[in-house]
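Take a look at the structure below.
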Amino acid sequence: MEGARRPSLFFLLLVLQPGGCNEMEVAAIAEESVQLQPVKLPEPWTGITWKVTLDSAETYRIVTFNKVEPPDLGSSPHFINRVTFHPESLSLQIDPVKKSDSGLYTLLIDIGGGREDITKFRVSVFDRVRQPNLTVLSAHAELGQCNVTLSCSVPGADRVTYGWSRGTSQIPSDRDHQLPGNQSLLLVVINANSSDVFYRCNASNRVSWDADTVDVKSLCDSPATGFASSPASYCQVKGILLLVVLGALVTAIVMVHILTRDKERLD
Ligand SMILES: *[C@@H]1O[C@H](CO)[C@@H](O)[C@H](O)[C@H]1NC(C)=O
Ligand SMILES: *[C@@H]1O[C@H](CO)[C@@H](O)[C@H](O)[C@H]1NC(C)=O
Ligand SMILES: *[C@@H]1O[C@H](CO)[C@@H](O)[C@H](O)[C@H]1NC(C)=O
Ligand SMILES: *[C@@H]1O[C@H](CO)[C@@H](O)[C@H](O)[C@H]1NC(C)=O
Ligand SMILES: *[C@@H]1O[C@H](CO)[C@@H](O)[C@H](O)[C@H]1NC(C)=O
C-alpha cells in the first residue's frame with residue numbers, strides 16, 4: 001500500500017511545479033523587432049507589470065497597467081522610445097532590440113486575492129550572421145592526393161558555430177555530404193579522381209546562418225601544388241626515354257649502313 005501511494009504523490013509534485021513559473025526562451029535578432037507575448041491570459045485580472053533584469057544586472061520596471069488608466073511606460077533611459085505595450089494581449093514589443101537588451105523579462109499579472117500569475121521570458125539577442133569568408137590556407141598535392149586546410153571566418157562573429165559539407169557543385173544540394181567538425185578550420189584530403197570537391201562552410205547562430213563555397217580541386221590542380229603535374233612529368237620522362245631509344249636506334253641503323261658500305265668498298 002505504502003509503495004503504491006508514493007509514486008502518485010511524486011507525480012503530483014512534478015505536475016504542480018511547472019505551473020508555478022513558466023519560463024520561455026526567446027532568441028531575437030539585433031536591430032529587428034521582438035514581441036513578448038504570454039500564451040494565455042488569466043481571467044479575471046486587475047493589474048499587470050512588465051519588468052526586466054538585464055544580463056548586465058540592471059533592473060527596470062518597464063510598464064504598469066491597471067485597465068482603468070492608460071499604460072504607464074515607466075521612463076527607464078535604457079528603453080527610451082523603443083518599447084510599445086499592447087493592452088489587448090498584454091504583450092511587450094521592443095523595436096529595435098539591442099544586444100544589451102538580453103535578460104530575463106517578467107510579466108506579473110495581479111489576479112486578485114493577493115495572488116500573481118508570473119510568466120518569464122529569457123531573451124537572448126544575436127547579431128545576424130554575415131556571409132562567411134571561406135579561404136584556402138594551404139594545399140599540398142602528392143601521389144594523386146591533395147591535403148587542404150580551409151579557413152572559414154565571419155566578420156564580427158559572436159557565438160557562431162561552423163558546419164561543413166562537400167558537394168559536386170557551387171549550389172547547395174540535398175545530396176551534399178555533411179562533414180564532422182564545428183570549428184572554423186577544416187583539414188581535408190582529396191583524391192585526384194574526386195568529383196565532389198566543392199566545400200561549403202555554413203556559419204550559424206541561434207537566429208540566422210549564411211554560407212560560402214570553395215572549389216578545392218582547382219587549387220590542387222594549379223602547377224604550384226603539383227597535383228596534376230605529377231602524371232604530366234611521368235609522361236615527360238616516358239617521352240624523353242622514347243627519344244633516347246629512337247636516337248640510339250637511328251644511330252645504330254646509320255652505323256650499320258656505313259659499316260656495310262665500307263665493307264662492300266673493301267670487297
Ligand atoms: C577573406 O580572408 C582573406 C584571408 O584571410 C583575406 O585576404 C580577404 O580579404 C578576406 N575577404 C573578405 C571579403 O573579407
Ligand atoms: C597529407 O596528410 C597526411 C596525414 O594526414 C600525410 O600523411 C601526407 O603525407 C600528407 N600529404 C601531403 C602531400 O602533404
Ligand atoms: C563541437 O564538436 C565537439 C566534438 O565533436 C563537441 O563536443 C562540441 O559540443 C561541439 N560544439 C558545438 C558548439 O556544437
Ligand atoms: C580514386 O583513386 C583512389 C586511389 O588514388 C582509389 O582508391 C579510388 O577507388 C578511386 N575512386 C574512383 C571513383 O575512381
Ligand atoms: C546552415 O545551418 C543552419 C543551422 O544549422 C541550417 O538551418 C541551414 O539549413 C544550413 N544551410 C545550409 C545551406 O546547409
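- One distance of note links OG of Ser89 with CD of Gln35; it measures 6.0 Å at 0.5 Å rounding.
- Defined by atom type and a distance below 3.5 Å, a donor-acceptor pair is missing between the side-chain atoms of Asp215 and Gln170.
- Taking the ring centre of Phe126 as origin, the terminal cationic atom of Arg159 falls inside the region bounded by 6.0 Å and 45° from the ring axis.
- At least one side-chain heavy atom of Thr64 sits under 4.5 Å from a side-chain heavy atom of Arg61.
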Problem - Derivation and outcome, side-chain contact (heavy atoms from CB on, under 4.5 Å), residues Cys146 and His140 - result: CA-CA 5 Å; Cys146 186; His140 296 288; over 6 Å; no
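- Of all the heavy atoms in Gln131 and Ala211, the pair that sits closest is NE2-O, 2.8 Å.
- With contacts defined as side-chain heavy-atom distances shorter than 4.5 Å, the pair Asp212/Tyr199 does not qualify.
- Under 4.0 Å is where a charged nitrogen must lie from a carboxylate oxygen, and between Arg130 and Asp210 no such pair does.
- A heavy-atom distance below 4.5 Å is not found between the side chains of Asn66 and Thr46.
- Atoms CZ and CG, on Arg200 and Leu186 in that order, are 13.5 Å from each other to the nearest 0.5 Å.
- Within the 4.5 Å cutoff, no side-chain heavy atoms of Asn133 are placed close to those of Val154.
- Note on Val129: it clusters hydrophobically with Val214, by side-chain heavy-atom contacts below 4.5 Å among ILVMFWY residues.
- Side-chain contact between Val125 and Ile29: absent, with no pair of heavy atoms (C-beta onward) separated by less than 4.5 Å.
- Nearest heavy-atom pair across Ala28 and Val97 is CB-CG1, 4.2 Å.
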Exercise for the section: Please step through side-chain contact (heavy atoms from CB on, under 4.5 Å) for the pair Phe198 and Asp176, ending with a clear verdict. Expected result: CA-CA 9 Å; Phe198 290 88; Asp176 288 355; over 6 Å; no
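- The line from CG of Leu107 to CG of Leu90 is 6.0 Å long, rounded to the nearest 0.5 Å.
- Remark: aromatic rings of Trp50 and Tyr60 are distant, center separation not under 6.0 Å.
- Atoms CG and OG1, from Leu41 and Thr119 in turn, are 8.5 Å apart once rounded to the nearest 0.5 Å.
- Using a 4.5 Å cut-off between side-chain heavy atoms of Ile, Leu, Val, Met, Phe, Trp and Tyr, with links allowed through other members, Phe65 and Ile118 fall into different hydrophobic clusters.
- Here the OG atom belonging to Ser91 is positioned 7.5 Å from the CZ atom belonging to Phe85, to the nearest 0.5 angstrom.
- At a threshold of 4.5 Å between side-chain heavy atoms, the hydrophobic network of Ile, Leu, Val, Met, Phe, Trp and Tyr places Leu104 and Leu36 in two separate groups.
- Contact check for Leu134 versus Cys201: side-chain heavy atoms found under the 4.5 Å cut-off.
- Two different hydrophobic clusters hold Ile62 and Leu108 under the rule that ILVMFWY side chains link at heavy-atom gaps under 4.5 Å.
- Of the listed residues (Arg128, Lys99, Arg82), just one forms a salt bridge (Lys or Arg N to Asp or Glu O under 4.0 Å) with Glu32, and that residue is Arg128.
- The minimum heavy-atom distance linking Val160 with Ala203 is given by the pair CG1-CB, 3.7 Å.
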Practice task
Apply salt bridge (Lys or Arg N to Asp or Glu O under 4.0 Å) to the pair Arg115 and Asp110, showing each step before the final yes or no.
Solution key: CA-CA 6 Å; Arg115 287 175 308 143; Asp110 188 346; over 6 Å; no
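- Formation of a donor-acceptor pair under 3.5 Å by the Ser194 side chain with backbone atoms of Asp196 is not found in this model.
- In this structure, a donor-acceptor pair under 3.5 Å is present between the side chains of Gln93 and His86.
- With a 4.5 Å cut-off on side-chain heavy atoms, Thr59 and Lys51 do not count as touching.
- A donor-acceptor pair shorter than 3.5 Å can be found between the side chains of Thr149 and Ser138.
- Criterion: ILVMFWY side-chain heavy atoms under 4.5 Å apart, direct or through other members. Under it, Tyr105 and Val39 are part of a common hydrophobic cluster.
- Looking at heavy atoms from C-beta onward, Val148 lies out of side-chain contact with Leu187 at the 4.5 angstrom threshold.
- In terms of heavy-atom proximity, Ser204 sits nearest to Trp209 at CB-CB, 3.5 Å.
- Phe121 approaches Pro38 most closely through the heavy-atom pair CZ-N, 3.9 Å.
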Handout entry: Arg122/Glu23 under salt bridge (Lys or Arg N to Asp or Glu O under 4.0 Å): CA gap, chis, key distance, verdict
Key = CA-CA 7 Å; Arg122 168 70 57 190; Glu23 186 169 318; 3.6 Å; yes
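- Summarising the geometry, atom CZ belonging to Arg175 is positioned 5.5 Å from atom OG1 belonging to Thr168; distances are rounded to the nearest 0.5 Å.
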Practice task
Decide side-chain contact (heavy atoms from CB on, under 4.5 Å) for Leu185 and Ser151; before the verdict, give the C-alpha distance in whole Å, the side-chain angles of both, and the deciding distance to 0.1 Å.
Solution key: CA-CA 5 Å; Leu185 287 184; Ser151 160; 3.6 Å; yes
Practice task
Go through the steps for Val63 and Val83 under the test side-chain contact (heavy atoms from CB on, under 4.5 Å), then give the verdict.
Solution key: CA-CA 9 Å; Val63 186; Val83 293; 5.5 Å; no
